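Scroll down for the structure; my scribbles are underneath it.
So that the names make sense, note that chain A is the first sequence line, chain B the second, and so on, each numbered from 1. Note that the coordinates shown come from a computational prediction; the quantities given were computed from them, not determined experimentally.
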Protein chains: 2
Amino acid sequence: MAEEPDVTAAPALPASGARPTIADVARRAGVSKGLVSFALNDRPGVKAETRERILGVADELGFTPSVRARALSVDRSFALGLVIARDPSIVAADPFFPTFISGVESELSEVGQALVLASTTSQRQEAETYRQLAGDKRVDGVFLTDLRANDERIGLLQKLGLRAVTLGRPDVSSPFPAVSSDDGAGIRAVVDHLVLLGHTRIAHVAGPADLLHAAHRRTAFEGAMTDAGLDATRVVETDFSAREGAEATRRLLAVRSSHRPTAIVYSNDPMAIAGIAIARRAGLDVPRDLSVAGFDNTDLAEHVYPSLTSVATDVALWGATAARVLLAAVAGDAIDGRTPLPTRLVIRESTAAAPTTT
Amino acid sequence: MAEEPDVTAAPALPASGARPTIADVARRAGVSKGLVSFALNDRPGVKAETRERILGVADELGFTPSVRARALSVDRSFALGLVIARDPSIVAADPFFPTFISGVESELSEVGQALVLASTTSQRQEAETYRQLAGDKRVDGVFLTDLRANDERIGLLQKLGLRAVTLGRPDVSSPFPAVSSDDGAGIRAVVDHLVLLGHTRIAHVAGPADLLHAAHRRTAFEGAMTDAGLDATRVVETDFSAREGAEATRRLLAVRSSHRPTAIVYSNDPMAIAGIAIARRAGLDVPRDLSVAGFDNTDLAEHVYPSLTSVATDVALWGATAARVLLAAVAGDAIDGRTPLPTRLVIRESTAAAPTTT
DNA sequence: ATGGTCATCTAAACCGGTTTAGGTGAGCGA
DNA sequence: TCGCTCACCTAAACCGGTTTAGATGACCAT
């Protein structure tokens, strides 16, 4: 009537050094492999006492299931993927990815999932990368960043059978949950702030038109300007690089002073910083002659001269949220329709009252 | 005597949709699974004709081996890991990681290996992260970045049985190959450049002393100064953040002008940019009153005002090289002793002749 | 006593590769 | 003709989990 299994008679521990397997646990607990699996996964059909005993033995042996074996038998990877397709130098200048990744990681590490990274340059390679990730079943789902107009990746991912979460809402019909940041509100806040300061000739240095969030910021700019009864035509498109930000600024300032913008709203911080440099070279003082605002509130924004007014977005939170949504999607639960993450205007030295007309 | 297998009699293709497995190839080629495996892995004991036939069938079916199944049976992951342990905001400001990663990826994607990323904040978590990566056998090897003085991770990784490559040479005995960048030469080039411009009071804003590459740059600075017969005591330590770069600059400039440095060498670009801002706030003109040099030649360096003299390092190449070395180490080939990657001084506007003594 | 139901558990198949032990037959020397 | 070696190939075990089919026995109603 030994309710408690006789420990002295219990089979020996597995050879030290090697990790215990489910078979070791089964042997030691005097049950079959299958039952151990059932007990560990909290499935019905295991007597309470037995379950306790199995869990005890597993604990005692320090058993943790092999991710690889599980991956093979349940056809899951327990990993999520992130494909970065921007030009390396632009990625480097923009703190988005590192911050986003740290947010993602904070969620993944808690549930024992891994993040697989892939980076490519051309879009040709990009599709190939997704294909490979899906073909090798390296990941269960992917984060879809830098959404483009009419994004072919949505269709591709469906065809490949990958789960996904999109950062922002695509302009094509998408079966994937989306997590958005309320960039539009941020841009509007900047424009309102500038209008309040008396600016009327406000320009916008936009990102690539085919990048949805860049286009969205631009649309928000135009909307806010129109709402304020102002001319919204001073817009220059760039590739988000500091170089093109500088070039755009040069172009915007190269008109006679009565038409020259008195304020420029940039679509990211590096471009704004480059813009300030160009203004100074043109003999303009920021903010006396020209107000400048950035976007994303980079670490550096606070430490340049003049310090940069910028729209703060909580990118790490965005990453964490996206990770939770994607994990749910992989698990089969569809959560979506979340309210966009808020943005916050951080006013610093680079914006001030519009110059009095000469 | 049918040399060519009769295709019409060949077993049907596997159910469309499902990926072909090695068993499908075997069936269709009329051989055993084992032989297919041998043929695909170029092992002896397969007749040339048979090998051809098997490869042909594999090709015809579009067979690619399952990474998972291979991982389970050969006990390898076909993935490399990168653990980022810096503070997220510092990682974000520094373009190192995105650039390094793109270099790594360029190598990995070609050989079908994946990059697994993990990021943590505290060092406590860091060890735990490596433990988990090793325990789950998520990766075959890791990149060891941001080497620290007396780095415990070297021992930990050995204990965990992980392969590794170190970025830079550790100060403790290490069984791992190392790939280095010749930061010291870069710093020396900056100092020589400044000395040539007539500067004598040159300061250094260093990174954390426990970070080996930061310490190395500092030592190089002190060595170059001493060699030039100059006082090398104007050194302030920081955590690499723009905030502390600004603070360090403030401190360095807060002495009477006859003792104030006329040039500051920063250990990275964001700090140098923040330093320029502080100088301007103090009423100093860069480079007239103060020369400033950065390190890493960030994208932004060219686009700030004044544009920043900086030491360019080819981080992407570093990543690619480290990846190749690590792949070799995982495969059992030890390659090391490579010459440090070169750096290049990029002279821009922020450095100029030392101010004439008043 | 007989059969049915249910809870509990075991045995074995399975995922898709690799690897080992062993089988087959051709070629060769005695 | 016999036995040996060798090249080529097959069958089966194995990696470490999950999952399905089925065995066992307790309990209950008939």
Side-chain angles (χ1 to χ4, degrees), chain A residues 1 3 5 14-15 17-55 57-58 61-78 112 135-138 140, chain B residues 1 3 5 14-15 17-55 57-58 61-78 112 135-138 140:
Chain A
M1 271 291 250
E3 288 287 339
R19 255 173 48 142
T21 72
I22 201 171
D24 296 318
V25 176
R27 215 177 349 264
R28 194 137 218 268
V31 296
S32 69
K33 272 172 51 174
L35 200 63
V36 174
S37 177
F38 274 50
L40 291 173
N41 293 308
D42 262 330
R43 293 166 55 144
V46 185
K47 196 174 19 168
E49 300 165 36
T50 315
R51 179 195 312 282
E52 291 310 311
R53 180 156 46 93
I54 292 173
L55 295 184
V57 170
L61 296 186
F63 169 80
T64 53
S66 150
V67 176
R68 283 176 188 164
R70 251 147 72 79
L72 183 59
S73 61
V74 302
D75 197 31
R76 295 236 290 114
S77 301
F78 307 102
D136 289 352
K137 299 204 178 180
R138 279 306 239 296
D140 297 321
Chain B
M1 269 295 255
E3 287 287 337
R19 257 176 46 145
T21 73
I22 200 171
D24 295 319
V25 176
R27 212 176 353 261
R28 195 138 217 268
V31 297
S32 68
K33 272 171 51 175
L35 199 63
V36 174
S37 177
F38 274 51
L40 291 173
N41 293 309
D42 263 331
R43 296 175 43 154
V46 185
K47 192 169 28 166
E49 301 165 37
T50 315
R51 180 195 311 283
E52 291 309 312
R53 180 156 46 91
I54 291 173
L55 294 183
V57 170
L61 296 186
F63 169 80
T64 53
S66 151
V67 175
R68 284 177 188 162
R70 249 147 73 79
L72 182 59
S73 61
V74 301
D75 198 32
R76 295 234 292 112
S77 299
F78 306 102
D136 289 354
K137 300 203 177 180
R138 279 313 245 283
D140 298 321

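Among the protein residues, B:Asn41 comes within range of the sugar-phosphate backbone only, with heavy atoms under 4.0 Å from sugar or phosphate atoms but none that close to a base. As judged by a 4.0 angstrom heavy-atom cut-off over every strand, A:Ser66 is placed among residues touching the sugar-phosphate backbone only. Using a 4.0 Å heavy-atom cutoff across all strands shown, A:Arg43 reaches sugar-phosphate atoms only and no base atom.
End-to-end axis angle of the helix from C:dA1-D:dT30 to C:dA30-D:dT1, from C1' rotation axes over five pairs per end: 80° (rounded to 10 degrees).
Checked against A:Val36 for a side-chain contact (heavy atoms from CB on, under 4.5 Å), the options A:Val46, A:Leu55, A:Thr21, A:Ile22 give a single hit: A:Ile22.
In this structure B:Arg68 satisfies the side chain to side chain donor-acceptor pair (under 3.5 Å) test together with A:Asp75, A:Ser77, sequence neighbours excluded. For A:Ser73, the side-chain contact (heavy atoms from CB on, under 4.5 Å) test picks out no residue, with sequence neighbours left out.
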Show the distances under 3.5 angstrom between N or O atoms of the protein and N or O atoms of nucleotides 6-11 of chain D.
{"from": "D:dC9", "atom 1": "OP1", "to": "B:Thr50", "atom 2": "OG1", "distance (Å)": "2.7"}
{"from": "D:dC9", "atom 1": "OP2", "to": "B:Lys47", "atom 2": "N", "distance (Å)": "2.9"}
{"from": "D:dC9", "atom 1": "OP2", "to": "B:Thr50", "atom 2": "OG1", "distance (Å)": "3.4"}
{"from": "D:dT10", "atom 1": "OP2", "to": "B:Ser32", "atom 2": "N", "distance (Å)": "3.0"}
{"from": "D:dT10", "atom 1": "OP2", "to": "B:Ser32", "atom 2": "OG", "distance (Å)": "3.2"}

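The side-chain heavy atoms of B:Ser32 and B:Leu35, taken from C-beta on, include a pair separated by under 4.5 Å. Counting heavy atoms from C-beta outward, A:Arg70 and A:Val67 have side chains that stay 4.5 Å or more apart. Side-chain contact between A:Arg43 and A:Ser37 is absent, with no heavy-atom pair separated by less than 4.5 Å.
Side chain of B:Arg19 to backbone of B:Phe63: no donor-acceptor contact under 3.5 angstrom is found. Remark: the backbone N or O of A:Phe78 is paired with a side-chain donor or acceptor of A:Asp140 at under 3.5 angstrom.
Screening residues 29-39 of chain B for salt bridge (Lys or Arg N to Asp or Glu O under 4.0 Å), with sequence neighbours left out, gives no hits.
In 5' to 3' order, the nucleotides of DNA chain C bounding all contacts with chain B (an atom under 4.0 Å from a heavy atom) are C:dG16 to C:dT20.
The shortest heavy-atom contact between B:Ala69 and B:Ser66 is N-OG, 3.0 Å.
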